[in-house]
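Beneath this line is the structure, given in structure tokens, with notes to follow.
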Amino acid sequence: MTLPMQPVYAYLIYILSSFAMLGLFLIVYTRITPHREFELIRRGNVAAALSLGGAVLGFSLTLSASIQHNAAFSMFVLWGFGAFVVQVLAYVLVARALRGVSEEITADNRGMGALMGVVSLAAGIVNAACLA
């Protein structure tokens, strides 16, 4: 008895597409922020890790919800890019409201890094819930 391969192909398409979108998100997000997250993280900056980690988790939650709630691959991609925009807007709006966010993260202000990470995570959770 042979099993149909369609679920395997669907899995591969969704996982590869998700990782590609996540990679693109990381490239764009880290270029939008004035500080250099990966460089800071390599030097042990916890604030940068918290902030970027929250953004990645928030974005990933919406990708996950999109996979779960959309039968069409095109809708998954569309909502993925919507999540991308929501995460960038969350950062930009909070950074403008608080002023000095980048400088505080660069200085390893863990409170600011945690706040930015939680804001990104909250944006992702709400965004994911809207897809249900």
Side-chain angles (χ1 to χ4, degrees):
M1 173 187 218
T2 59
L3 297 173
M5 291 300 291
Q6 186 177 5
V8 172
Y9 293 136
Y11 170 81
L12 289 173
I13 289 168
Y14 278 101
I15 194 93
L16 292 174
S17 298
S18 294
F19 285 147
M21 290 170 67
L22 185 57
L24 181 62
F25 172 76
L26 281 169
I27 290 167
V28 172
Y29 188 86
T30 56
R31 291 209 174 129
I32 287 172
T33 60
H35 51 279
R36 298 292 156 239
E37 283 91 347
F38 293 119
E39 190 177 304
L40 293 170
I41 292 167
R42 280 187 194 100
R43 289 188 282 172
N45 186 307
V46 176
L50 291 170
S51 179
L52 183 60
V56 168
L57 285 172
F59 181 68
S60 297
L61 281 167
T62 307
L63 284 181
S64 173
S66 182
I67 291 168
Q68 294 173 42
H69 297 291
N70 289 297
F73 179 76
S74 59
M75 291 305 296
F76 156 69
V77 172
L78 178 68
W79 287 116
F81 281 106
F84 193 111
V85 171
V86 167
Q87 287 300 322
V88 169
L89 283 175
Y91 174 83
V92 169
L93 292 173
V94 174
R96 282 191 182 172
L98 295 179
R99 292 194 176 93
V101 167
S102 184
E103 293 80 9
E104 292 297 324
I105 289 174
T106 300
D108 202 15
N109 179 334
R110 294 171 186 185
M112 185 63 77
L115 174 64
M116 294 306 290
V118 168
V119 165
S120 294
L121 189 54
I125 290 169
V126 171
N127 200 17
C130 291
L131 295 177

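Keep in mind the model is a prediction, meaning the values are calculated, not measured. Residues take their numbers from the sequence shown, with the count starting at 1.
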Next on the checklist: Quick check on side-chain contact (heavy atoms from CB on, under 4.5 Å): which of L63, T62, V56 does F59 satisfy it with?
Outcome noted: L63
Checklist entry - Is there a side chain to side chain contact (heavy atoms under 4.5 Å, CB included) between D108 and L40 once you walk through the steps? => result CA-CA 9 Å; D108 202 15; L40 293 170; over 6 Å; no
Checklist entry - For the residue pair M21 and F81, what are the closest heavy atoms and their distance? => result CE-N, 3.9 Å
Checklist outcome for this item: Rounded to the nearest 0.5 Å, the CD1 atom of I32 sits from the CD1 atom of I27 at a distance of 12.0 Å
Checklist outcome for this item: Distance col, row I105:CD1 vs E37:CD, nearest 0.5 angstrom, shows 7.0 Å
Checklist entry - If Ile, Leu, Val, Met, Phe, Trp and Tyr residues are connected whenever their side-chain heavy atoms lie under 4.5 Å apart, and connections chain through other members, are F76 and V86 in the same group? => result no
Checklist entry - Are V126 and L93 connected in the hydrophobic side-chain network, where two residues link if heavy atoms are under 4.5 Å apart? => result no
Checklist entry - Do L121 and L26 share a hydrophobic cluster (ILVMFWY, side-chain heavy atoms under 4.5 Å, transitive)? => result no
Next on the checklist: Under 4.5 Å between side-chain heavy atoms, counting indirect links through other Ile/Leu/Val/Met/Phe/Trp/Tyr residues: same cluster for L57 and F84 or not?
Outcome noted: no
Checklist entry - Below 6.0 angstrom between ring centroids: does that apply to F73 and Y14? => result yes
Checklist entry - Would you say L50 and V118 make side-chain contact, with heavy atoms under 4.5 Å? => result no
Next on the checklist: Testing the basics here: between L98 and M112, what is the closest heavy-atom pair and its distance to 0.1 Å?
Outcome noted: CD1-SD, 3.9 Å
Checklist entry - Should L89 and Y91 be regarded as members of a common hydrophobic cluster, given that ILVMFWY residues are connected when their side-chain heavy atoms come within less than 4.5 Å of each other, either directly or indirectly? => result no
Checklist entry - Hey, mind stepping through L22 and S60 against side chain to side chain contact (heavy atoms under 4.5 Å, CB included) and telling me if it holds? => result CA-CA 7 Å; L22 185 57; S60 297; 4.1 Å; yes
Checklist outcome for this item: Here the gap from R43 atom CZ to R36 atom CZ, rounded to the nearest 0.5 Å, amounts to 12.0 Å
Checklist entry - About how many Å separate SG of C130 and CD1 of I125, when rounded to the nearest 0.5 Å? => result 12.0 Å
Checklist entry - Looking only at heavy atoms, which two atoms of V101 and A95 are closest? And how far apart? => result CG2-CA, 3.8 Å
Checklist entry - So how far is it from N127 CG to S120 OG, rounded to the nearest 0.5 Å? => result 11.5 Å
Checklist entry - Is the backbone N or O of A47 less than 3.5 Å from a side-chain atom of S51, with the two atoms forming a donor-acceptor pair by type? => result no
Item to check | CD1-CG distance between I67 and L131, expressed to the nearest 0.5 angstrom | outcome: 11.0 Å
Checklist entry - Where do R42 and F38 land on the side chain to side chain contact (heavy atoms under 4.5 Å, CB included) test, with the steps shown first? => result CA-CA 6 Å; R42 280 187 194 100; F38 293 119; 3.8 Å; yes
Checklist entry - Looking only at heavy atoms, which two atoms of A90 and A123 are closest? And how far apart? => result CB-CB, 4.0 Å
